[in-house]
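To find a chain, count down the sequence lines: A is the first, B the second, and so on, and within it residues start at 1.
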Protein chains: 2
Amino acid sequence: MKKEQLPTTSLILDSKDISILRILQQNAKATVKEISQKIHLSTTPVHERIKRMEEHGVIKQYATLVDYAKIKKGLMVICYVSLKQHNKNAGAKFIKSVQEMNEIIECYNISGEFDFMLKVVIENMDAYYDFHVNKLSQSENIGHVQSVFVMGIIKQTHVLIN
Amino acid sequence: MKKEQLPTTSLILDSKDISILRILQQNAKATVKEISQKIHLSTTPVHERIKRMEEHGVIKQYATLVDYAKIKKGLMVICYVSLKQHNKNAGAKFIKSVQEMNEIIECYNISGEFDFMLKVVIENMDAYYDFHVNKLSQSENIGHVQSVFVMGIIKQTHVLIN
DNA sequence: ACTGAAAGACACAGACT
DNA sequence: AGTCTGTGTCTTTCAGT
């Protein structure tokens, strides 16, 4: 995708933009023609609206979602981490190591007794044990780590506009 | 996207399939031509491989990812829920209500003291308070609810193949 | 399982209302 | 703001290796 500088003015989305997003969220390959028919417009304005939302960063990415289990990543673990020290430099080092670990697909700074919450997707329990002991805990400055295992996925979506 | 019955045989992915997935994960709009040049193949086999992975459910969805903050959903909350009763029927009712609440984008069955972990994305703290009191807690059979607020997003990706 | 070519559909730009 | 029309590029299929 083209990386362009984001316009400084924020984009106001009208109901037609929302309708377009509603369709695209579920199917990035929906054609402009298809969308234009659904929202009763011709292709040009639909095309322009999509381009505008891309440029303003409303549309972040066109992604292909892969079934984790089908690429042999059958285990999901929610992992809480507290740091020993909370100075800026120590935090930055931890963040850098998180970016480099591909098993970690999400990391949030959170309120409460822990500092970070991680979502880890990995092959199986053996691989997770190895990750925990030999990768995560090897990062400097790690205080406590607590793992919560995902036993079942009830709902998983990125769709916020329904 | 076409919904077809999944073939019963599981698909074995070779290194070329993985290369294709690596590209598509980051950009669903990558053209077959573009991919075929990168992996040194012509368009036909690339096209066939993609279709095969779609049919086998390895590729789950082509999604458009929207910047939550830019559609005024500025708050993310991790929410833990335990149920009062743990019989099958009570669980099913809770799961159904989760599916209906659009603010909840993820829900997992977890190990530990709580039964479920939810990820909620919502406008602001006022809206979250309203959601908590008037929607989530109104579901029958809710025992305890604990909210952890996301203060910063360090990493957020769906990409597992690097 | 791949290459190369060829048909139809699409994205995107332009002229116009 | 939007519609319509055209051009180049893409997806998709098919004969051939």
Would you mind listing the cluster partners of [X]? Hydrophobic ones only (ILVMFWY), side-chain contacts under 4.5 Å, chaining allowed.
X	result
A/Y129	A/V133
B/I12	none
A/Y128	A/L75, A/V77, A/V81, A/L83, A/F94, A/I95, A/V98, A/M101, A/I104, A/F116, A/L118, A/V120, A/I122, A/M125, A/F131, A/L136, A/I142, A/V145, A/F149, B/I154

### Task
Name all residues meeting the salt bridge (Lys or Arg N to Asp or Glu O under 4.0 Å) criterion together with A/K38; count only those two or more places apart in sequence or in a different chain, and write none if there are none.
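Partners of A/K38 by the salt bridge (Lys or Arg N to Asp or Glu O under 4.0 Å) criterion come out as none, since no residue qualifies.
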### Task
First locate atom CD1 of A/I50, then atom CD1 of A/I35, and finally report the distance between them rounded to the nearest 0.5 Å.
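Reported value, rounded in 0.5 Å steps: 4.0 Å.
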### Query
Quick one: bend of the helix from C/dA1-D/dT17 to C/dT17-D/dA1 from 5 pairs per end, to 10°?
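About 20°, once rounded to a multiple of 10°.
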### Query
First and last nucleotide of DNA chain C touching chain A, 5' to 3', heavy-atom cut-off 4.0 Å?
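In short, chain A contacts DNA chain C from C/dC10 to C/dG14.
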By side chain to side chain contact (heavy atoms under 4.5 Å, CB included) - contacts of [X] (at least two apart):
X	answer
A/H47	A/V32, A/K51
A/D14	A/K16, A/D17, A/R49
B/T44	B/E48
B/N102	A/N162

### Query
What is the per-nucleotide protein-contact pattern of nucleotides 11-17 of chain D, from the 5' end, where B denotes a base atom under 4.0 Å from a protein heavy atom, S denotes such proximity for sugar-phosphate atoms only, and - denotes neither?
SBBB---
### Message
Tell me which pairs pass side chain to side chain donor-acceptor pair (under 3.5 Å) where either residue lies in residues 110-120 of chain A, with sequence neighbours left out.
### Response
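Applying side chain to side chain donor-acceptor pair (under 3.5 Å) to every pair that reaches into residues 110-120 of chain A, excluding sequence neighbours, yields A/H86-A/D115, A/E106-A/K119, A/K119-B/E106, A/K119-B/Y108.
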### Task
Take the protein atom NE2 of A/H40 and the nucleotide atom C1' of D/dA1, then report the distance between them rounded to whole Å.
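In whole Å, D/dA1 C1' lies 18 Å from A/H40 NE2.
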